[in-house]
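What you see is a predicted model; the values in this text were computed from it and never measured. All chains are named by letter (A, B, ...) in the order of the sequence lines, taking the proteins before the strands, and each is independently numbered beginning at 1.
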Amino acid sequence: MNEDYLWDKSGEPDPEVQRLENLLAPLGHKLDKTPVLSLPKPIRVPYLLAIAASLLVLCGAVWVAWQRTRPAWQVATVSGTPSLKRLAKGESISTDSQSQARLNLNDVGEVEVEPNTRLSVLAIRPDEQRLALYHGTIHALIWAPPGRFIVNTPSAQTVDLGCQYTLKVDADGVGLVEVSVGWVAFENEGRESFIPAGAACITRPGKGPGIPYYQDASSELIDALHRFDANADQSAVAVILDKARTRDAISLWHLLRRVQPDDRGRVYDRLAQFITVPASVTREGVLAANLQMIDSLWNTLDLGNTSWWRMWKSRGPK
Amino acid sequence: MESVIALFAPVERPEQPGRSLVEQARQGSRAAFGQLYQQYSRMVHGLLLARVPHSEVEDMVQDVFLLALRRLQSLRDENAFGGWLAMIARHQAIDYHRRAPKITELKENMLQEKPPEPEALEVLDTIRSLPDAYRETLILRLVEGLSGPEIAVQTGLSPDSVRVNLHRGMKMLREKMEGRAAT
């Protein structure tokens, strides 16, 4: 072995040392590829993981704080296993066959969620609290000003007008509202139904809100209204007119705007038997679908003034 | 084990080539520190390669120099810069094993560079199996291409210690390689 070559590379190269130099040189420092301080210090994986973990913790804390401060319905379990405590915008609650929940939002009201129901929150704003009921049953007791609590269903939006009601949506998307106190409006693409306490109304996908009826009306009348709503069955009109009571004038008033023009005359005539027609209203005007005259007829039903209805509409539930 | 003792026994030197650079670097000259990097980075790389995986060493060289830059004001004797830097490198290697990272970063250059020869890695492993004093000097000589006198200057060891370490280390390496070839 040439000791001089190993020591200071002088003299005759030692073949074994030279072979090892050539073999190992690629593992050496590549000075030209890593100029000092000219490159940002590489972030090593453990540091990167630590930074990522810190960011996750920070984001989690911010998220939790935000979740706690943003407006949300408070959720109380009535029975079963709903695990949610809060229901904020964009969040949903689903109950199984054994579960019930009660939602509460200060200054708005209370909503009980029955078993087998799916509900989500679409908006929580001072001027609008909007839920979506996909299927199932809710009972709403609302003390917010009229027009601010709205429930979307597959075929209509339910606008609370200061009341207590039950809203059901079946697997086909057919909705039924039954009003206990106050009023509810069903509305879809310009078609609207006003449902007072003691009345009910069905809304169907593709057809929208039907004609409201008092729940103590005859089964023949209710069945005829359903046939008219579901299939535009004009033969049902005769049954409706025949079975209507004075109290059912609200159904006739809604029917007046939905029958064929040829049938509008006889509906008006039947309605006129139950109310005192204002002097400003003429048969010809109603047959011509004069909206102002039809509104005047509503005012005779003793269900409030149409100006009140228009007021909440113009204020604009969105 | 006298060679191991020699490894950690710096000798007194009247002057080192990097003296003025160290002084300039202490006064804040990044250019001077860059030149120190050019002079000493192979030594640092070699000391690290004697202890940590090859794939980690390049980044750790940067770590050692950045640490040295931050601590440069604490260096009392600028003539001892090489030995001081070598000690930082050894401590960084120890810290690496304390941290015991379980994840290896996949670097861009790993994909671009030709992977090391398997035989080279095998020889490197054999050198790493040698006592500390031998493996450091052999790696600095065979891998980093430093001569014995350069190793002595840069690590702060006496030339005699380096020469002994090189001779004994090479002898031991040959024996181990022959033993492996025989099996």
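For the residue pair B/D160 and B/S158, no side-chain donor N or O sits within less than 3.5 Å of a side-chain acceptor on the partner. When only modelled atom types and interatomic distance are considered, B/E58 and A/H29 share a side-chain donor-acceptor pair under 3.5 Å.
With salt bridges taken as basic N to acidic carboxylate O contacts below 4.0 Å, one links A/D14 and B/R174.
Only the side chain of B/L173 comes within less than 4.5 Å of a heavy atom in chain A; its backbone stays farther off. Residue B/L48: no heavy atom, backbone or side chain, is found under 4.5 Å from chain A.
Contact count versus chain A (heavy atoms, under 4.5 Å) is highest, among B/V44, B/I139, B/L166, for B/L166. The greatest number of non-hydrogen atom pairs below 4.5 Å with chain B, out of A/D8, A/N22, A/L27, A/L20, is found for A/L27.
Using the six-membered ring where Trp is involved, B/Y40 and B/F81 have ring planes that are perpendicular, over 60° apart on the 30 and 60° scheme.
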